[in-house]
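Below, read A as the first sequence line, B as the second, and so on, with proteins coming before strands; counting in each chain starts at 1.
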2 protein chains.
Amino acid sequence: MSHDGATLTARAFKDAVYEQFARITKALASPVRLEIVDVLAQGERTVDALAREVGQSLANTSQHLRSLKEARLVEARRDGTFVHYRLADPQVIEVWRAVRALGERQLAEIERTVAAYLGDADGFESVTADDLQRRLAEGEVVLLDVRPDAEYRAGHLAGARSIPVGELAERLAELPPDATVVAYCRGPYCVMSYDALAILRDHGRRGVRLAEGLPDWRAAGRPVQGGHGLG
Amino acid sequence: MSHDGATLTARAFKDAVYEQFARITKALASPVRLEIVDVLAQGERTVDALAREVGQSLANTSQHLRSLKEARLVEARRDGTFVHYRLADPQVIEVWRAVRALGERQLAEIERTVAAYLGDADGFESVTADDLQRRLAEGEVVLLDVRPDAEYRAGHLAGARSIPVGELAERLAELPPDATVVAYCRGPYCVMSYDALAILRDHGRRGVRLAEGLPDWRAAGRPVQGGHGLG
DNA sequence: CATATGCTCAATAGATTACTTGATCAAGGC
DNA sequence: GCCTTGATCAAGTAATCTATTGAGCATATG
């Protein structure tokens with residue numbers, strides 16, 4: 001049954017192989033690290049910025065990054081006193097997207113959590129990437145990136161303009177009064193676009209939400225502007 | 001910044017969402033459970049069969065299955081005194097494939113482990129799915145499924161014939177003497193096709209290996225025969 | 001009804017993980 | 001050289017996870 005070149009038993013070989021792949025799944029087996037991966041999918045971040053974003057202490061964030069780095073999911077680069085982390089491979093985003101797709105299909109709790117935060121009454125309309133690309137071509141809509149400015153600069157959907165959600169209320173005048181706004185942010189579970197729609201609605205503007213974020217858009221091979229490498 | 005329908009803070013919302021997705025990654029964060037998923041990707045199994053396959057005790061296997069079931073990655077069906085487990089969704093295979101692809105790109109240790117088992121001297125040739133489909137059309141090769149008979153019956157590549165690796169030595173006469181044999185089994189880390197090639201070589205036959213297994217073939221949308229649903 | 005089989009459950013010990021705190025380190029500014 | 005900032009490291013505690021053991025449950029059979 002076993003072949004001649006073996007220096008391991010078949011069992012030991014399998015153990016070793018699955019052990020290696022489990023390094024990856026173990027690295028992802030934490031809500032905090034999943035969130036870190038999700039944020040890094042937008043572009044690189046310093047440890048301090050990540051820590052604030054995910055609501056963890058600096059030391060704890062640093063240690064989570066260390067375990068992600070040991071599993072080769074992220075890489076670091078030092079710049080003065082700052083250390084910038086980034087995803088080590090675009091395939092990391094693919095794994096996260098696959099997990100997300102599975103959760104959406106299998107875990108009803110996720111839908112309930114989203115509904116609990118948004119309140120069923122909100123009923124914000126969302127559009128698919130296909131819809132959007134057709135409507136963009138027809139010039140019907142304004143595409144609005146509501147993420148922080150730095151993320152817009154690190155890469156954004158082709159044709160999008162930037163107004164971070166925190167500045168949206170005071171910068172409404174920049175948007176043509178009659179156009180429908182399509183707002184997007186980091187991804188399907190990012191709340192910035194929801195918040196942006198609420199602001200638009202409160203000021204009598206029409207707005208819809210793009211359900212996907214930049215990483216999903218990029219993964220689908222759609223046009224991106226201004227990105228630098230891995231986003 | 002926060003919108004009016006909220007009954008959770010943005011932070012609590014994110015925590016809840018990532019916590020849910022982490023149920024999936026935690027369920028996969030074990031070499032044993034990864035192997036269980038890999039085996040179930042071939043088709044459903046009883047607890048006892050799985051336990052023997054993965055080299056774990058019955059009780060331990062049952063508990064691993066329980067945690068996979070709680071994360072909605074597998075489902076069970078009772079048949080007499082047997083309980084058959086199967087993957088709850090084809091997307092589970094996609095997650096596993098994404099993890100595998102990432103590991104192959106990032107973890108040099110995996111390549112070394114494979115080389116240590118196979119011995120560098122073996123140098124078995126492998127073909128891609130595209131190669132195979134072209135050569136099959138030209139009638140140059142015999143496609144051989146070397147997995148156990150039950151797995152062949154649960155679904156196999158279109159046009160494949162079945163000789164389980166354990167019976168290959170005594171059933172060599174069934175193969176046309178001059179044809180090149182393309183052997184496949186469960187996937188890239190399954191050793192049955194390697195063992196089959198060693199047997200063929202020892203009897204002076206020409207054989208190559210298909211690097212992918214049935215689940216990968218199916219995921220690529222290529223033709224499968226005799227499968228029943230989720231494989 | 002008694003028994004066997006296939007599986008699940010509960011209890012446990014040992015290992016691993018998560019987060020905190022405080023010390024330390026590396027690079028840059030004064 | 002000293003101080004500040006951003007990040008890492010080490011130690012400690014609480015919580016969680018893994019595999020084992022043995023008991024218990026469901027289904028089928030004699």
Discussion item. Among dC9(C), dT18(D), dA10(D), which nucleotide has an atom closest to any side-chain atom of Arg33(B)?
Written reply: dT18(D)
Item to complete: Scan side-chain atoms only and decide if Tyr18(A) and Asp38(B) contain a donor-acceptor pair under the 3.5 Å cut-off.
Response: yes
Response to the item:
Considering only heavy side-chain atoms of Gln63(A), the closest of dC17(D), dC9(D), dT20(D) is dC9(D)
Worksheet item: Which of these nucleotides, dT20(C), dA18(C), dC7(C), is closest to any side-chain atom of Ser57(A)?
Response: dT20(C)
Discussion item. Nearest whole Å is fine: how far is dA26(D) P from His84(B) NE2?
Written reply: 19 Å
Practice prompt. Mind calculating the distance between CG (Leu58(A)) and C1' (dC25(C)) to the nearest angstrom?
Written response: 13 Å
Worksheet item: Taking the side chain of Ser62(B) as heavy atoms from C-beta outward, which of dA7(D), dC19(C), dC7(C) is closest to it?
Response: dC7(C)
Worksheet item: Which pair of heavy atoms, one from Gly155(A) and one from Arg147(A), lies closest together, and at what distance?
Response: O-NH2, 2.8 Å
Practice prompt. Mind listing the residues from residues 73-83 of chain A sitting with a heavy atom below 4.0 Å of DNA chain D? Number order is fine.
Written response: Thr81(A), Phe82(A), Val83(A)
Item to complete: Answer with yes or no whether the side chains of Gln42(A) and Tyr152(A) bring together a donor and an acceptor at under 3.5 Å.
Response: no
Worksheet item: When the distance from CD of Glu35(B) to C1' of dT18(D) is rounded to whole Å, what number comes out?
Response: 16 Å
Worksheet, complete the sentence: Here the pair of heavy atoms bringing Val47(B) nearest to Thr61(B) is O-CG2, 4.1 Å
Worksheet item: For Leu68(A) and dT17(C), what is the distance between atoms CG and P respectively, to the nearest whole Å?
Response: 13 Å
Item to complete: Give the rounded distance in Å between these two atoms: CZ of Arg52(A) and P of dT5(D).
Response: 14 Å
Item to complete: State which of dT21(D), dA11(D), dG22(C) makes the closest approach to the side chain of Ala59(A).
Response: dG22(C)
Practice prompt. Measure the acute angle between the ring planes of Phe82(B) and His84(B), then classify it against the limits of 30° and 60° as parallel, tilted or perpendicular.
Written response: tilted
Worksheet item: To the side chain of Val47(A), which of dA7(D), dA10(D), dG22(D) is closest?
Response: dA7(D)
Response to the item:
Closest to the side chain of Asp48(A), out of dA7(D), dT8(C), dC9(D), is dA7(D)
Response to the item:
Between Ser30(A) and Asn60(B), whichever has its closest DNA chain C nucleotide further toward 5' is Asn60(B)
Response to the item:
To the nearest angstrom, the CG-P distance between Asp15(A) and dT18(D) comes to 15 Å
Worksheet item: Between Tyr85(A) and dG6(D), does any side-chain N or O lie under 4.0 Å from OP1 or OP2?
Response: no
Worksheet item: How close or far is atom P of dC19(C) from atom CG of Leu65(A), stated in whole angstroms?
Response: 13 Å
Worksheet item: Looking at Tyr85(A), is Arg45(A) sitting on its ring face, NZ or CZ under 6.0 Å from the six-membered ring centre and within 45 degrees of the normal?
Response: no
Fill in: From CG (Asp216(B)) to CZ (Arg186(B)), nearest 0.5 Å
13.5 Å
Practice prompt. Rounded to the nearest angstrom, tell me the gap between atom CD1 in Ile36(B) and atom P in dT18(D).
Written response: 11 Å
Worksheet item: Does a side-chain N or O from Arg66(B) land closer than 4.0 Å to OP1 or OP2 of dT8(C), or not?
Response: no
Worksheet item: Just to confirm, is there a sub-4.0 Å distance from OP1 or OP2 of dC19(C) to any side-chain nitrogen or oxygen of His64(A)?
Response: yes
Worksheet item: Do Glu174(B) and Arg161(B) meet the salt-bridge criterion of a basic N to acidic O distance under 4.0 Å?
Response: no
Worksheet item: Contact class for Thr46(A) (heavy atom, under 4.0 Å): base, sugar-phosphate, or nothing?
Response: sugar-phosphate
